[in-house]
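Here's the structure, in structure tokens; my notes come after.
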Amino acid sequence: MLNALQTRILAVVAFLVAVAALSSAVWWFGYQSALDQLEQRGRSDLALASDRLTGELSRYRELAVLMADHPVVAAAVDGRGAGAADLLRETADKTGSLDILVVSRNGGEVASASGTGAEAHGTTPYFDRAMDGALGIYHLVHDRYGQRTFLFAAPVFSAEGPVAGAVIVVVNVDAVEAVWRGARPTVFFTDDLGVTFISNRSELVFMARDPRAALRGDTAEYAQGVLRPFITYEARDQRGHSVWSVQGQRYVPQRALHLSLPLPVIQMTGEALLDVAPARLLARLQAGVAAAICLAFGAMLFLATERRRTLAEANARLETAVEARTAELSRTNADLRHEVSERIATEAQLKKAQADLVQAGKLSALGQMSAGISHELNQPLMAIRSYAENAEAFLDRGKADVAGQNLGRIADLARRMGRIIRNLRAFAKQESEGMTDVDLSGVITAVLEITQTRAKTSGVDILWTPPATPLIVRGGEVRLQQVVLNLVSNAMDAMEGQDAAQRIELDAAMVDGRVELYVRDTGPGLDEPDRIFDPFYSTKQVSQDGMGLGLSISYGLVQSFGGMIRGRNHPAGGAVFTVTLDAAERAEAAA
Ligand code: ADP
């Protein structure tokens with residue numbers, strides 16, 4: 001697997017290779033199109049140069065033809081040559097010809113502008129052409145003039161018809177060439193023997209492509225000695241263009257596009273060498289621009305991808321961090337849920353424990369009271385027994401009315417016992433949860449009935465005046481009885497055995513829309529008022545059977561009714577407990 005760095009390096013290298021390939025292609029196509037244009041321009045230049053040469057030469061050709069018709073020339077051919085030389089000289093001067101010759105039928109020269117002397121033309125190809133009645137064209141290095149010449153030989157027809165002789169116009173090639181020497185491009189004209197005869201670069205003249213080539217000349221003087229080997233070059237075909245790599249030449253471009261144009265009129269081939277350096281420079285420029293654009297674009301692309309990659313990496317890091325954080329949060333969440341469910345379970349356990357405690361508290365209270373209760377029931381029973389025995393005796397004595405009174409008392413006592421038992425049963429029963437409207441006075445009366453015997457035995461005064469209007473509160477009747485019973489029992493416990501007066505005052509009233517119950521005693525007061533509601537807090541002797549649960553259970557019960565219980569010491573001595581409860585709606589309405 002390649003890592004990210006290697007991948008990037010590979011991409012950059014591939015891109016550079018692609019750019020190199022593209023710029024090469026641009027270079028190649030640019031070069032080709034530049035060569036095409038160069039060739040187009042070169043061809044027109046070459047055609048122009050050729051036209052100038054052929055145009056220049058055609059002047060002399062026409063001169064030869066015209067002169068052939070001249071009567072003086074015709075006479076000269078016939079051997080009546082007086083005055084011909086003057087005409088020829090004059091014409092040569094005016095036309096700039098090197099020489100004009102009149103040749104007789106046998107090839108002998110009868111007159112000439114230069115007057116140099118007789119020369120035999122009999123075997124020359126141009127004279128043969130003229131004798132055939134056509135225009136002879138020839139070029140050669142003439143030893144008579146010592147330079148390159150172009151010859152036009154026009155036939156001179158006799159009055160009878162056949163060719164009687166010829167007029168030869170000799171053209172000075174140097175003069176023709178001088179007009180465009182040094183002009184661009186390099187142009188040269190080669191003859192059928194492969195020798196450069198005319199050129200706008202004088203260095204190229206007399207260069208022969210074939211080392212064995214001969215130079216056209218009148219004598220051997222101009223033979224091989226004048227000829228030089230042609231420039232060294234290597235021709236390469238570039239998509240239809242012939243490009244020469246030329247070596248060691250100052251006057252010919254090093255790399256040149258070679259063009260050629262056949263010129264049958266003067267029996268030569270025109271050739272041109274055009275410098276391809278500008279074309280190459282242009283192609284290089286185009287390739288360079290293409291490469292620069294690609295590189296700039298690539299660099300931009302690279303920077304953009306780098307930026308994107310960096311952003312993506314940062315994003316990935318962020319996402320990982322977020323994922324980790326999310327996982328952590330989920331774990332915390334799960335922990336919290338677990339804790340919550342544990343708490344709910346604990347709460348349920350607590351509730352159950354509380355309910356058990358309520359029951360336990362009740363049982364404990366029941367145990368406490370059982371002695372008193374048995375006493376409570378025993379007393380009326382004893383009374384009933386004595387009333388029954390008395391009634392029996394009175395009946396025997398025939399005192400039916402007194403016996404009836406006794407029976408009435410028995411009935412009262414039995415009713416009272418029944419009430420006590422009913423209260424006890426209700427107290428022992430575990431009340432199902434839920435709240436109803438409860439008459440607070442009824443609750444207090446029931447508690448006082450249960451504790452009445454103990455109060456009497458211990459010499460406790462209980463002061464309780466039920467209010468004129470019933471005080472209806474929200475709560476559970478039995479649980480409320482339990483709370484009040486606990487307060488009254490605690491007060492009796494606290495005052496037990498004291499010499500001072502033992503008194504319990506109960507009072508209930510409506511205060512600010514709520515019902516308040518006060519239980520005040522004349523005992524020693526609370527030792528530690530802040531701790532009395534703590535579970536298992538008890539100052540009682542073992543003999544008094546204190547469990548320290550009564551007040552804490554009462555606290556929980558009153559709270560479950562939406563109420564409140566408080567305990568404090570009265571300034572005048574003794575403890576005061578206040579129970580605040582919600583008034584039932586109808587009680588509120590009544591108030
Ligand atoms: P127990 O009665 O089993 O001790 P309680 O919760 O009912 O448990 O009472 C806790 C303690 O509060 C008692 O032991 C006592 O010290 C104190 N106490 C309660 N009521 C009174 C009172 N009327 N006078 C003085 N102390 C009291």
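Here the side chains of Trp244 and Leu257 are not in contact, with every heavy-atom distance at 4.5 Å or above. The side-chain heavy atoms of Asp275 and Leu38, taken from C-beta on, include no pair separated by under 4.5 Å. Two residues are said to be in side-chain contact when any heavy atoms from C-beta on lie closer than 4.5 Å; Ser554 and Leu487 fail this criterion. In this structure, Arg568 and Pro529 have side chains that are not in contact, with every pair of non-hydrogen atoms separated by 4.5 Å or more. In this structure the side chain of Met492 reaches within 4.5 angstrom of the side chain of Thr451, judged on heavy atoms. Between Glu39 and Leu259, the closest side-chain pair of non-hydrogen atoms falls below 4.5 Å. Contact check for Leu463 versus Leu506: no side-chain heavy atoms found under the 4.5 Å cut-off. Contact check for Leu329 versus Thr326: no side-chain heavy atoms found under the 4.5 Å cut-off.
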I'd like to know whether Leu381 forms a side chain to side chain contact (heavy atoms under 4.5 Å, CB included) with Met417, so could you lay out the CA-CA distance, the side-chain angles of the two residues, the decisive distance to 0.1 Å, and finally the verdict. CA-CA 9 Å; Leu381 262 181; Met417 283 171 77; 3.6 Å; yes
Kindly determine whether Met510 and Glu516 satisfy side chain to side chain contact (heavy atoms under 4.5 Å, CB included), including the steps that lead there. CA-CA 6 Å; Met510 195 82 157; Glu516 286 197 344; over 6 Å; no
I'd like to know whether Glu496 forms a side chain to side chain contact (heavy atoms under 4.5 Å, CB included) with Gln502, so could you lay out the CA-CA distance, the side-chain angles of the two residues, the decisive distance to 0.1 Å, and finally the verdict. CA-CA 8 Å; Glu496 201 171 58; Gln502 298 182 21; 5.8 Å; no
Pair Val473-Asp437, side chain to side chain contact (heavy atoms under 4.5 Å, CB included): steps then yes or no: CA-CA 6 Å; Val473 296; Asp437 291 352; over 6 Å; no
Step by step, would you call Glu505 with Arg503 a salt bridge (charged side-chain N to carboxylate O under 4.0 Å, His left out)? CA-CA 7 Å; Glu505 289 171 22; Arg503 198 172 60 246; 3.3 Å; yes
Go through the steps to decide whether Asp335 and Arg331 satisfy the test salt bridge (charged side-chain N to carboxylate O under 4.0 Å, His left out), and finish with yes or no. CA-CA 6 Å; Asp335 288 352; Arg331 263 201 308 282; over 6 Å; no
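A cation-pi geometry, defined here as NZ or CZ lying under 6.0 Å from the six-membered ring centre and within 45° of its normal, does not hold between Arg566 and Phe577.
With values rounded to the nearest 0.5 angstrom, Asp582 atom CG is found 10.5 Å from Met564 atom CE. With rounding to the nearest 0.5 Å, the separation of CG in Asn390 from CZ in Arg409 is 9.5 Å. In this structure, the separation between CZ on Arg520 and OG1 on Thr578 is 11.5 Å, given to the nearest 0.5 Å. Between the CD1 atom of Ile504 and the CG atom of Asp461 there is a distance of 9.5 Å, given to the nearest 0.5 Å. The CG atom of Leu526 lies 13.0 Å from the CZ atom of Arg531; values are rounded to the nearest 0.5 Å. Atom CZ in Arg308 sits 9.5 Å away from atom CG in Leu301 (nearest 0.5 Å).
Remark: Glu347 does not engage Arg343 in a salt bridge, criterion side-chain N to carboxylate O under 4.0 Å. Taking the charged nitrogens against the carboxylate oxygens, Arg41 and Asp45 have no contact shorter than 4.0 Å, which rules out a salt bridge. With respect to the salt-bridge test (charged N to carboxylate O, under 4.0 angstrom), the residues Arg415 and Asp412 qualify. Salt bridge Arg454/Asp493: present, at least one basic N to carboxylate O contact under 4.0 Å.
In terms of modelled atom types and a separation under 3.5 Å, the side chain of Ser386 and the main chain of Ala383 share a donor-acceptor contact.
Tested against Leu440 for a side-chain contact (heavy atoms from CB on, under 4.5 Å), the candidates Thr445, Leu480, Ile472 yield a single pass: Leu480. Under the side-chain contact (heavy atoms from CB on, under 4.5 Å) rule, Tyr233 has a single partner from Val246, Leu273, Val252, which is Val246.
Considering all non-hydrogen atoms of both residues, Leu551 and Phe533 come closest at O-CD2, 3.7 Å. When every heavy atom of Phe561 is checked against every heavy atom of Arg479, the shortest pair comes out as CZ-CB, 3.6 Å. Annotation for Ala400 and Leu395: closest pair CA-CD2, 4.2 Å, computed over non-hydrogen atoms. Between Gly475 and Val438, the shortest heavy-atom distance links the atoms O-CG2, 3.3 Å. In terms of heavy-atom proximity, Thr580 sits nearest to Val558 at O-CG1, 4.1 Å. The shortest non-hydrogen separation linking Ala34 to Leu282 is CB-CD2, 4.4 Å.
More than 12 heavy atoms of other shown residues, nucleotides or ligands fall within 6.0 angstrom of atom OH in Tyr31. With a 6.0 Å radius and a threshold of 12 heavy atoms from other residues, nucleotides or ligands, Gln498 has its CD atom above the threshold. Applying the 6.0 Å contact sphere to CZ of Arg236 captures no more than 12 heavy atoms from other residues, nucleotides or ligands.
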Side-chain polar contacts of residues 21-29 - donor-acceptor pairs under 3.5 angstrom, sequence neighbours left out - could you list them?
unit_1, atom_1, unit_2, atom_2, d
Ser23, OG, Val19, O, 3.0
Ser23, OG, Ala20, O, 3.1
Ser24, OG, Ala20, O, 2.7

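Residues Lys540 and Asn490 bring a donor and an acceptor atom of their side chains to less than 3.5 Å of each other. Using a 3.5 Å distance cut-off with no hydrogens or angles, the side chains of Asp521 and His570 do not pair a donor with an acceptor.
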